[in-house]
> 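One structure, pasted below without further comment.
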Amino acid sequence: MVAVVSDAATPSYALGVADAYLVVIEEGRSWRRALPTDAELVIGRGEGCEVRLDDPAASRRHAILRLHAGRATIVDLGSHNGTTVDGEPVSDPRVLAPGDVITICATTLTYHAPSRRARRPRTVAPEALHAHLAGELDRALSAGRRLGVLVVKLGRGASTTEAMALLAPLFRAHDVLVADGPARVTAVLPEVDEEELGGRAAAVHGLLPGATTGGAVAPDDAADPGVLLAAARDAAASALEGAHATASRSVRQLELGDHRILLAEPAMLRLYALLERIAPSELPVLVLGETGVGKESVAKAVHHLSPRRDKPSLSVNCAALPETLAESTLFGHERGAFSGAVTPQVGTFEAAHGGTLFLDEVGELSLAVQAKLLRALDGKRVQRLGAIQERPADVRIVAATNRDLRAEVAAGRFREDLYFRLSGALVRVPPLRERPRELPVLARELLAQACLRCSRSVPSIGVAAMEALTRHPWPGNVRELRHAMEFVAAALDGDEVELWHLPESIAEVPEDPAPSPPGSPPAPAPAGGSVISAAAVPTRFRPIAEELRELERRRMIQALTAAGGVQTRAAELLRMPRRTFVAKMREYDLHALFPRLP
């Protein structure tokens, strides 16, 4: 059985005439309102309304439903709390399709009507694609839903116009198709995940065997419209003819022994392509970038891709070396060279002979040690402290710093000749905030590694959590992301990462500035921006937990209505585990409205 529906409110003249009706679900009851073929029905809590609601939050005349020639249109009548259809606010007249869910405050009304013709997707001009995608992305992320982009590269000789007409039946009315090139069609698909995107791509290939498709899903692949579109296009470009590729699976993996590097950002792909070209040479490499961006991974790549790969690869953190021990650590010492030197010690230069030495934070070395470092590099020989003879030390140097060494040279804190000696090849690693394509990939990879160390299964990352990860500025770069994923792996108690599972510094939304003292002049408006008036800010607030419970209950009712009362299907629509869904049905007392099906 599904929800008990009463026809008591249905006028006799309308029954069975149009075969169209509304299912109205209010607090504690649900009922059906049959619809005539031609009429205007006012929806609200006023006594004269044709569809009268008991919801106290609804306006007396809230919305109007216009029916004419089999077409249903709903218009909001300037209500205080607004009207939505399938989660989208109604500002202009909205044409309804069978199955559309109308939400008025805490009441849901589902429109049912026989389908008279196939619904076709909308089309927009190529120049409007980015703006449309930005709007859809904002709506999807605000509602905690995914958004898919499918790019179809047509085969040789295919007509874009013919392809658009051929593909249209494969898509829904709220999808959008754009012919954004001479041989390319792009589809924007709300509420579609990677698996569903693959199904659409398979259907496309069934109609256009010579086409190539690529897909990307927000926020799993990106949360910026331009980046999301570029990811889908790049995936299509990387796919074989007649095949489908996704942004998440077109990531390049660089295996460096037991170290794996994932590359998805175009800037990082270009950087490592450059490293592959310069690694076989003997050029020293100077790596610039903020702390935590992955400069050591660059050093590993240079060593592994060079002829020295079978020789030692050592690293020294120059910032952690006390000045009194820096020379001994780098070049070694003999017994008795200084107080406490009871045994000889091999320096890292000698130990790395024939291989690669990574000098991290090289800008922290003192001028005295810089001079000896320059001599060792020029002569490929080192002299231990307390020794007379020099020893061979043929090493390739990869140095890294987060300082501006040119400014350090100008200030006299770094030797200019050493700077030129180290910067035979100079590369810059972009910060994580400038690598939006890579951030979701790295988050999933680092979470998987952390879960492996904790001996637990790897959870998925929910929409809200992934959006928060993409929104965070990451001042600590990849190192900060790694620590965040280790925190999640240790603290998570479910099978999906939600917003509240993230560290507080990542999950929190920046606070508004503190209010000015009474009598102080108003703060100036930001350039090019607008100021929210005090009248627009509520003076009383409901507990956020109460609002979230209300929203969750409303969405569950909508899902159950759309699924005809089938709990498993409703849980799938909300991406909610079935056991959780059933438990929340009991919590919100929904079994009276939607009894279990036999």
> Within the 4.5 Å heavy-atom criterion, are V293 and L432 side-chain neighbours or not?
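Of all side-chain heavy-atom pairs linking L432 with V293, none is under 4.5 Å.
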> Checking W474 against I506 for the side chain to side chain contact (heavy atoms under 4.5 Å, CB included) test, could you report, in this order, the C-alpha distance in whole Å, the side-chain angles of both residues, the deciding distance, and whether it holds?
CA-CA 9 Å; W474 299 107; I506 298 172; 3.5 Å; yes
> Can you confirm whether the side chains of R391 and Q383 place a donor and an acceptor under 3.5 Å from each other?
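Per modelled atom types, R391 and Q383 side chains form no pair under 3.5 Å.
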> Is the side chain of D175 donor-acceptor paired with the backbone N or O of F171 at a distance under 3.5 Å, no angle test?
no
> Under a 3.5 Å distance rule, please check whether E361 uses its side chain to pair with a backbone N or O of C318 as donor and acceptor.
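Such a contact is absent between E361 side chain and C318 backbone.
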> Counting N and O atoms only, with roles assigned by atom type, does the side chain of K153 sit under 3.5 Å from a partner on the main chain of A211, one being a donor and the other an acceptor?
no
> Please tell me if the side chains of P284 and R421 come closer than 4.5 Å, counting only heavy atoms from C-beta onward.
yes
> Under 3.5 Å, is there a donor on one side chain and an acceptor on the other for R396 and S306?
no
> For a side chain to side chain contact (heavy atoms under 4.5 Å, CB included) check, start with the C-alpha distance between H174 and D86, then their side-chain angles and the critical distance, and finish with the verdict.
CA-CA 10 Å; H174 55 281; D86 290 342; 5.8 Å; no
> Between the main-chain N or O of A450 and the side-chain N or O of R482, is there a donor-acceptor pair closer than 3.5 Å?
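Checking the backbone N and O of A450 against the side chain of R482, no donor-acceptor pair under 3.5 Å is found.
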> Tell me, with the steps shown, if T401 and L288 meet side chain to side chain contact (heavy atoms under 4.5 Å, CB included).
CA-CA 5 Å; T401 181; L288 305 179; 3.5 Å; yes
> What closest approach, in Å, do G494 and R456 show between heavy atoms, and which atom pair accounts for it?
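Nearest pair, atom of G494 first, then R456: O-NH2, 3.1 Å.
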> Within the side chain of S142, is there an N or O that forms a donor-acceptor pair under 3.5 Å with the backbone of R139?
no
> Does a side-chain N-to-carboxylate-O contact under 4.0 Å join R146 and E196?
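Here R146 does not pair with E196 in a salt bridge, since their nearest N and O are not under 4.0 Å apart.
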> Does a side-chain N-to-carboxylate-O contact under 4.0 Å join R406 and D404?
no
> Are any of the side-chain heavy atoms of M466 and R444 separated by less than 4.5 Å?
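A side-chain contact under 4.5 Å exists here.
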> Would you mind checking if E498 and R575 are paired as a salt bridge, meaning a charged N to carboxylate O distance below 4.0 Å?
no
> If we ignore angles and hydrogens, is there a donor and acceptor under 3.5 Å between the side chains of N477 and E290?
yes
> Can you check whether P459 reaches E496 side chain to side chain, under 4.5 Å on heavy atoms?
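No, every pair of side-chain atoms sits at 4.5 Å or beyond.
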> Between G363 and L405, what is the shortest heavy-atom contact and its length?
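Looks like CA-CD2, 4.1 Å.
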> Might you work through the salt bridge (Lys or Arg N to Asp or Glu O under 4.0 Å) test for E282 and R308, ending with a clear yes or no?
CA-CA 10 Å; E282 289 296 311; R308 296 173 179 258; 2.6 Å; yes
> Treating R403 as the side-chain partner and E364 as the backbone partner, does any N or O pair qualify as donor plus acceptor under 3.5 Å?
no
> Does L418 offer a backbone N or O that forms a donor-acceptor pair with the side chain of Q370 under 3.5 Å?
no
> Looking just at side-chain N and O atoms, do E255 and H304 make a donor-acceptor pair shorter than 3.5 Å?
no
> Is any side-chain heavy atom of L422 less than 4.5 Å from a side-chain heavy atom of L377?
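Yes - at least one pair of side-chain heavy atoms lies under 4.5 Å apart.
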> Do L197 and T246 come close enough that some side-chain heavy atom pair is under 4.5 Å?
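They are not in contact (no side-chain heavy atoms under 4.5 Å apart), so the answer is no.
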> Would you call P440 and D220 a side-chain contact if the rule is heavy atoms closer than 4.5 Å?
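They are not in side-chain contact.
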> Of all the heavy-atom pairs spanning A218 and L137, show the shortest one and how long it is.
CB-CD1, 3.3 Å
> Hey, are the side chains of F349 and L314 touching, using non-hydrogen atoms and a 4.5 Å cut-off?
no
> Quick one: does any side-chain atom of D394 pair with a main-chain N or O of H353 as donor and acceptor, under 3.5 Å?
no
> Within a radius of less than 6.0 Å around CD of E88, do more than 12 heavy atoms belonging to other residues, nucleotides or ligands occur?
yes
> Using only atom types and a distance under 3.5 Å, with no angle test, would you say the side chain of T160 pairs donor to acceptor with the backbone of P182?
yes
> Test side chain to side chain contact (heavy atoms under 4.5 Å, CB included) on L357 and V398; report intermediate values, then the result.
CA-CA 6 Å; L357 179 59; V398 179; over 6 Å; no
> Strictly distance-based, threshold 3.5 Å: is any side-chain N or O of E265 a donor or acceptor partner for the main-chain N or O of R437?
yes
> Under 3.5 Å, is there a donor-acceptor pair between the D180 and T186 side chains?
yes
